[in-house]
Amino acid sequence: MPYSGTLDVAPLLADAPRMDGFDTEAWEIAGVEILQVTFEIDDTQMLSLLPKALHPTIPQIVIFTVARYPEGPVGAFTLAQVRLGCRAAALPRGFLLRAYCDSPAARDALARQWGFDCAAGDVRLQRYHDRISGSVTADGRDLLRVSLIDPEPISGGDIQYVANMHLAVAPGDERGVLVQVDPEYRFQRAERGRPEVAAFDRAAWNAAGVDPVWPIVASYTVCDTGFPRIRYVLDPDKPAIVGTRKLDVGG
Amino acid sequence: MKFGIFYELSVPRPWDGEAERSVYMNALEQVRLADELGFDQVWCVEHHFLEEYSHSSAPELFLTACAMQTKRIRVGHGIVVCVPQFNHPVRIAERAAVLDILSGGRLEMGTGRSATWTELGGFQADPDDTKKTWDEIVRCLPKMWTQERFSHRGEAFSMPSRAILPKPYQKPHPPMWVAVTSPGTELDAADRGLGSLGLTFGGVAEQEKKITEYRRRIKQCDPVGAFVNEQVNTVNFLYCHEDGEIGANTGRRLAGTFNYMASQLLAAREAYPTRSYPSQGLLPQLRQESASPADGGKVPDGLCIGDPERIIGVVKNWESAGVDRINFLLNAAETVPQQQVLDSLRLFASEVMPRFDRATPPASVATAAAGGN
């Protein structure tokens, strides 16, 4: 059988996002801009960063995402994430190592409603003539600077984003739970180019040992998306095939 | 209807000193038995870096061993990855010709382009280019085999005039196929006069539409080779047992294990947005069909698992859909013990094979002749 993560989540729960529950209201947001930069990584530390419920992808990858949400129930915000490519049983997922957000209200809501481990930072998404760049700074330090170089238009139909898995604590799930966040996307525009990582403070992203060594691709999209109602949660310590719980999302 | 067996050569961890050899030796024993039982073909894939899922990086060597240990069964080299970073086109032609000679003219030549970032990224091949390079190479191979000397100026490769040797034993050259996973590739096969080597599991109704279009389109083809190979080959799982419930349960375990391992790989399209891969190949279907090795759902209609009567019905459905050949995956990660695999083959050969006409070739097939000019 494929390798599985070895991360012991128990020591992490004290600092994990505390959710109000799983009965979240969906947010639908138009005109979201998303920059995604993907690299293959040196795999020596990979398994120790993934919960036991998840398999690493073959090869192992890190996904940097910087997204600007121009509106929403708590106003505009920009969100940056670092995720590891993985599988929940047979399904493609990205395990969130950490996120940064520039809006206190959005940080609070993203943590309480969807289990985002979300810290405060100045998150920016900027378009230049020859590149699209995303950056995160906090306390005067560069935590992340990634870019798409030489953008070229492609079809939105060629883009595939993977759903998130978030380690969180929730009422009734005090021993930790993996929350699946799987937005839908309606693309208006898409571009593709070479990926670049100019700054990556691993410690700031809970990403010790994650070394983005081989570039894969960068993409940029404009789309209607958001944050959906939560449909599935997983026991972080059991294989996803036996530890997945389907939630009642009716009403 | 012709029947074959199909190998990915999957090797479960732990990879101790005997693990890979055991898988290869078991496969060779199955091939010898299949030859004795009257199976028509054995196919072996080319894959690289696909840990556990497929340790078959040198299929021409495995198939040579198959050929040297058997008398009648044809050897399907497929698919060979027609991407220059994987294989120089001259080496493809040369290796295939040697295999055809050593097998006494039993080679079936499958072509394709890889569908995973795991492989493409490993060889630093650009996913945007693989369809182009496949197209260029597949048009060159017959010329390399049939012309005394060959030269070429192209995008995938260029070379001055050389004699590419040896030439295949089958004249003018072995039958050629292309792997069909992405939507529309069946049309690429038809336009070039190539056989359709379907690599999707199950889904008779969906496949029937593709086969109908393939048959319609190939009538107007401009063949890349010296003859048109109008045939539809498909892949399926096989586990045949007198007790239908045991057959179904074991077969589901086999299919589930295969699908689970396949789903761990990084599909080209998942990693790299490109028009060149309009779908993820067979991965989404596999994920849908089997969520886990222990999946206890019903047996999908198109799968050849269960008792002989059920399997006869399934094969008849495929035959009605227009399939000429079915290749069976017999094991995955050695999840089925070797003796059970051999028993399943024997039962299939005694109870299922006789129910089908395997002597009459498809009406429009022009086959290559073995030996001589």
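Quick note on labels: first sequence line is chain A, next is B, and so on, each numbered from 1.
For the set A:S155, A:G157, A:C86, the count of heavy-atom pairs under 4.5 angstrom toward chain B peaks at A:G157.
Between B:R275 and A:D158 the shortest heavy-atom distance is N-OD2, 3.5 Å. Of all non-hydrogen atoms in A:A89 and B:Y260, the two that sit nearest each other are CA-OH, 3.3 Å. Of all the heavy atoms in A:M1 and B:R13, the pair that sits closest is O-NH1, 4.2 Å.
Interface remark: A:V162 contributes side-chain atoms only to the contact with chain B (heavy atom separation under 4.5 Å). A:Y161 does not touch chain B: none of its heavy atoms, backbone or side chain, sits under 4.5 Å away. Only the side chain of A:I154 comes within less than 4.5 Å of a heavy atom of chain B; its backbone N, CA, C and O stay farther away. For chain A, no part of B:A333 is nearby; none of its heavy atoms comes within less than 4.5 Å.
Taking CD1 of A:I159 as the start and CZ of B:R269 as the end, the distance is 8.5 Å to the nearest 0.5 Å. Taking OG1 of A:T38 as the start and CG of B:L266 as the end, the distance is 9.0 Å to the nearest 0.5 Å.
Heavy-atom proximity under 4.5 angstrom to chain B picks out A:H55, A:P56, A:T57, A:I58, A:P59, A:I61 from residues 53-63 of chain A.
No hydrogens or angles considered: a donor-acceptor pair under 3.5 Å links the side chains of A:E40 and B:W117.
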